[in-house]
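As a basis for the values below, the full set of heavy atoms in this structure was taken, side chains included, without hydrogen atoms, waters or symmetry mates. Numbered from 1 within each chain, the chains take letters A, B, ... in sequence-line order.
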Amino acid sequence: MASSSYQAPRGTRDLYPENLAVIRHLERTASRLSRAFGYSEIRPPLFEETGLFLRSLGETSDVVSKEMFTVPRRGKANDASSSVTGYTFRPEGTAGVARAYVNGGFAQRAPLQKWFYVGPMFRYERPQKGRERQFTQFGIEAFGAASPTLDAEVVDLCMRFFEEIGFGDELEVRVNTMGDPSDRDRWCEALRQFFAPRVAARCSDCQERFERNVFRLLDCKNKACQDDNEGSPALSEVLGVDAQTHQTDFLKALQALGRKPVVDPTIVRGLDYYTRTVFEVHYPQLGARSALCGGGRYDGLVEEFGGPHTPAVGFAIGFTATELAMAELGLDESAAVQSIAAESIPVAYCVSITPDDRPHALALAGRLRTHLAAAVVCDHREKSPKAQFKEANKLGVRFVLVVGPDERAAGQVVVRDMQTRDETRVELLQIAAHLAAATEA
RNA sequence: GUGGACAUAGCUCAGUUGGUUAGAGCACCAGAUUGUGGUUCUGGGGGUCGGGGGUUCAAAUCCCCUUGUCCACCCCA
C-alpha cells in the first residue's frame with residue numbers, strides 16, 4: 001500500500017506537522033502546570049539496566065515478564081564480575097527517576113525534590129486502541145515527604161492538567177490504599193488462604209492470577225468469579241493504624257481541595273512498588289482503555305535502589321488515551337490548539353513576477369527573516385505569479401510581497417494584505433517596520 | 001501470547017453472478033488573453049488492486065500461504 005517498502009514499526013506512528021499541535025499543547029501544559037506546583041524538569045536516559053526494572057516493577061508483573069524492549073549487553077556478556085545483563089528501554093518513568101534521585105545523592109543533601117518529565121516509553125505489547133509500543137507519558141515524582149497532603153496535591157495537579165486541556169466533569173478520580181508492605185503481605189497471605197481451596201473452580205485467567213498476583217482475582221470481570229469473591233478478606237481488616245490514618249487524612253485533604261474521589265477497592269496497581277495511596281483517573285466513555293492516569297505512593301522504592309528510606313509519590317499520564325478522549329470531546333480543535341498550529345504559518349510570502357525577480361524575492365525574504373518573529377517564505381518551484389498567490393493563500397499567509405520589474409526600478413515592494421485585499425507600495429527599507437506595524441494592528 | 005475483521009490512487013472509498021485499456025470524490029500539477037489568491041470550469045500526472053502461489057480461456061473478484069493493519073482478550077498509560 002505504501003509506496004515505500006518500509007513502514008513504521010508495529011505499534012509506532014509518525015507524528016506529522018499537522019498532528020503536532022495537540023501534542024505540543026499537552027507538553028506545554030504539563031510543563032507550565034508542573035512549574036506552577038513547584039516541580040522541576042528531569043530527564044533520565046531512555047534506557048536503563050534491565051535489572052532496575054526487574055527490581056522495581058516485580059518479576060511477576062506483566063510489564064517485566066513479557067513487555068520489555070531489551071537489548072543484550074555487548075562484548076562482556078559473559079563477564080561474571082558485572083551484574084549488567086542488558087539494557088531495557090524504559091516501560092515507565094518512575095524507576096529511572098528514582099534511580100537518578102539516589103545516584104544524585106539527593107536523599108542526603110536535599111531530600112525534598114519535586115520533579116516532572118515528559119517523554120517516550122516503550123512496551124512490547126500487541127497494539128490496539130489507545131495502546132502503542134512507543135507512547136508518551138507526562139509524569140511527576142515527589143520525593144522526601146510522607147504527608148498525605150502531598151498525595152492530595154499530586155492528585156490535584158493531575159486533575160488540573162486535564163482541566164487545563166479542557167476536560168470537565170467527564171473525568172473520575174478513583175482512589176484506594178494498598179497499605180504498608182507488611183499490611184500487604186498479611187492481606188496477600190489471607191487471600192491465598194481464602195482462595196487456595198476454591199481457585200480450581202474459577203476461570204483460567206484466575207488460575208494464572210492466583211500464582212502471579214492474587215490481588216487481581218478481585219477485579220476479574222467474569223461473573224462467576226465475582227460471585228466467588230464474596231466473603232474474601234478485605235485489606236481494611238488487616239490494615240495497620242498508620243496506613244489507615246494516612247488514607248483518611250488523604251481523603252480529607254482531597255475534599256479540602258474540592259476534589260470528589262470515588263473510593264474503589266478494586267484499584268490494585270500492577271506494579272510492586274506501590275504503598276498506601278493509589279489512584280487512577282478515568283474517562284469512562286473510552287471503554288476498554290479508560291484510564292488516562294495512574295499513580296500512587298511508593299515509600300520503599302528509593303531504599304530498594306540503595307538509598308535511605310525516602311517516602312515518595314507520583315503519577316503518570318498517558319498521552320495516547322488522553323488524545324483519544326480529547327478527539328471525542330472535540331478538544332483537539334480548541335482555541336489553544338489552533339493557536340499553536342498558527343505559530344507555524346508564515347507571515348509573508350515573497351512573490352516574484354519574472355524569472356529575473358527571483359533572486360530579489362529570495363533576498364527580500366532573507367532580510368525580513370532577521371527582523372520578523374514569524375516565518376517568511378518564497379517560491380522555489382518556478383511557479384507563475386498566479387500560482388504563487390494560490391500557494392500563499394493555501395498556507396494562510398497574511399501578506400504577499402510582490403517583487404516585479406516595476407517595483408525593483410522604484411526600489412519598492414507591493415504589500416498585499418490577503419485578508420483585506422488592500423495593496424500598498426512600500427519603500428524597500430521600510431517593509432519590516434511596515435509589516436510589524438500591520439501585524440500589531 | 002489468544003481470537004475476530006479488513007487490505008483497491010497521497011486520503012476516504014466504489015468496483016454488479018470472475019469478462020475488454022481498474023473508477024469517483026478530495027488532494028496535487030497546469031490552463032481559462034496583458035503581473036495577483038480563496039468560488040467555478042477544463043485538462044493532466046499518479047495504482048505490480050499488500051506480497052507469493054494455485055484454479056480458469058479469463059482473477060481486484062474464487063482457494064491456499066504470507067505480511068501488515070485495526071478491534072477485542074490478558075495487562076496496562
Which of the following nucleotides, A77(B), G37(B), A72(B), is nearest to the side chain of Phe389(A)? G37(B)

Has the side chain of Glu125(A) got a donor or acceptor that lies under 3.5 Å from a partner of the other kind on the base of G1(B)? no

Answer yes or no as to whether A77(B) has its base stacked against Phe319(A), where stacking requires a ring-centre separation under 5.5 angstrom and planes under 30 degrees apart. no

C29(B) phosphate, OP1 or OP2: any side-chain N/O from Lys383(A) under 4.0 angstrom? yes

Take atom P in C75(B) and the same atom in G68(B), then report the distance between them in whole Å. 26 Å

For Tyr298(A) and Glu141(A), which I'm curious about, is there any donor-acceptor pair between the side chains at under 3.5 Å? yes

Separation between the C1' atoms of U56(B) and C62(B), rounded to whole Å: 10 Å

Is Arg133(A) salt-bridged to Glu125(A), cutoff N-O under 4.0 Å? no

Closer to the 5' end of RNA chain B via nearest nucleotide, is it Gly11(A) or Glu280(A)? Gly11(A)

P atom, G50(B) versus C11(B): distance in rounded Å? 13 Å

Does C70(B) have its OP1 or OP2 closer than 4.0 Å to a side-chain nitrogen or oxygen of Lys129(A)? no

Summarise how protein sits on nucleotides 38-43 of chain B as a single string, 5' to 3': B when a protein heavy atom is under 4.0 Å from the base, S for sugar-phosphate-only contact, - for no contact. B-----

Taking atom types as modelled and ignoring hydrogens, do the side chains of Thr320(A) and Glu132(A) form a donor-acceptor contact shorter than 3.5 angstrom? yes

For Arg126(A) and C73(B), is the shortest distance between a side-chain N/O and OP1 or OP2 below 4.0 Å? no

Please give me the minimum heavy-atom distance between Asn19(A) and Asp14(A), naming the atom from each residue. ND2-O, 4.3 Å

Could you tell me whether Glu92(A) and Arg90(A) have a side-chain N and a carboxylate O separated by less than 4.0 Å? no

So what does Glu323(A) hit on the nucleic acid, given a heavy-atom distance under 4.0 Å: a base, only sugar-phosphate, or nothing? nothing

Does anything in residues 30-56 of chain A form a ring pair (Phe, Tyr, Trp, His ring centres under 6.0 Å)? List the pairs, not counting sequence neighbours. Phe47(A)-Tyr87(A), Phe47(A)-Phe89(A)

Identify which nucleotide among C28(B), A72(B), G35(B) has an atom closest to any side-chain atom of Gln128(A), counting heavy atoms from C-beta outward. A72(B)

If you go through the side-chain atoms of Arg131(A), does one of them form a donor-acceptor pair with the base of C75(B) closer than 3.5 Å? yes

Between G1(B) (C1') and Arg10(A) (CZ): distance, integer Å: 12 Å

side-chain hydrogen bond (donor to acceptor under 3.5 Å, both in side chains) contacts touching residues 330-346 of chain A (sequence neighbours left out): Arg28(A)-Glu343(A)

For Arg381(A), which contact category applies under a 4.0 Å heavy-atom criterion: base, sugar-phosphate, or nothing? sugar-phosphate

Once you apply a heavy-atom cut-off of 4.0 Å, does Glu92(A) come out as touching a base, just sugar-phosphate, or nothing? nothing

Is the closest side-chain heavy-atom distance between Cys158(A) and Val281(A) below 4.5 Å? yes

Against the side chain of Val402(A), the closest entry in U36(B), C75(B), U69(B) is U36(B)

What parts of residues 169-176 of chain A reach RNA chain B, counting only heavy atoms under 4.0 Å away? none

Please state the C1' separation for the pair A9(B) and A14(B) - nearest whole angstrom. 13 Å

Could you tell me whether Glu423(A) contacts a base, only the sugar-phosphate backbone, or nothing, with contacts defined as non-hydrogen atoms closer than 4.0 Å? base

Send over the distance from Tyr349(A) OH to G35(B) C1', rounded to a whole Å. 15 Å

Nearest whole angstrom, please: distance from the C1' of G35(B) to the CD of Gln412(A). 16 Å

According to the Watson-Crick and G-U wobble definition with distances under 3.5 Å, which dot-bracket string, read 5' to 3', encodes RNA chain B, using [ ] for crossing pairs and | for pairs with another strand? (((((((..((((.....[...)))).(((((.......))))).....(((((..]....))))))))))))....

With C1' as the reference atom in both, quote the distance from G4(B) to U8(B) in angstrom, rounded to an integer. 23 Å

Pairwise C1' distance, C49(B) and A60(B) [rounded to whole Å]: 5 Å

What's the CG-P distance between Asp14(A) and G10(B), to the nearest Å? 16 Å

Counterpart residues, side-chain hydrogen bond (donor to acceptor under 3.5 Å, both in side chains), relative to Glu280(A) (two or more places apart): Arg269(A), His282(A)

So Val400(A), base contact, sugar-phosphate only, or nothing? Heavy-atom distance under 4.0 Å. nothing

What interatomic distance, in whole Å, is found between C1' of A32(B) and the corresponding atom of C70(B)? 45 Å

Rounded distance in Å - CE (Met121(A)) to P (A77(B)): 12 Å

Between Thr420(A) and Tyr124(A), just flag the one whose closest nucleotide in RNA chain B comes earlier from the 5' side. Tyr124(A)

How about Phe122(A) and Phe135(A): are their ring centres within less than 6.0 Å of each other? no

Classify the side-chain pair Asp151(A)/Thr277(A) by whether it contains a donor and acceptor separated by less than 3.5 Å. yes

Given the side-chain rings of Phe138(A) and Tyr117(A), with only the six-membered ring counted for Trp, is the space between their centroids under 6.0 Å? no

I'd like to know if the side chain of Glu407(A) pairs up with that of Gln412(A) as donor and acceptor (distance under 3.5 Å, no hydrogens or angles considered). no

Length of the CZ-P vector between Phe135(A) and A77(B), whole Å: 8 Å

Test: Arg358(A) and Asp379(A) ion pair at under 4.0 Å: yes

Between U40(B) and G25(B), how far apart are the two P atoms, rounded to whole Å? 13 Å

Is the base of A77(B) touched by the side chain of Arg123(A) through a donor-acceptor pair closer than 3.5 angstrom? yes

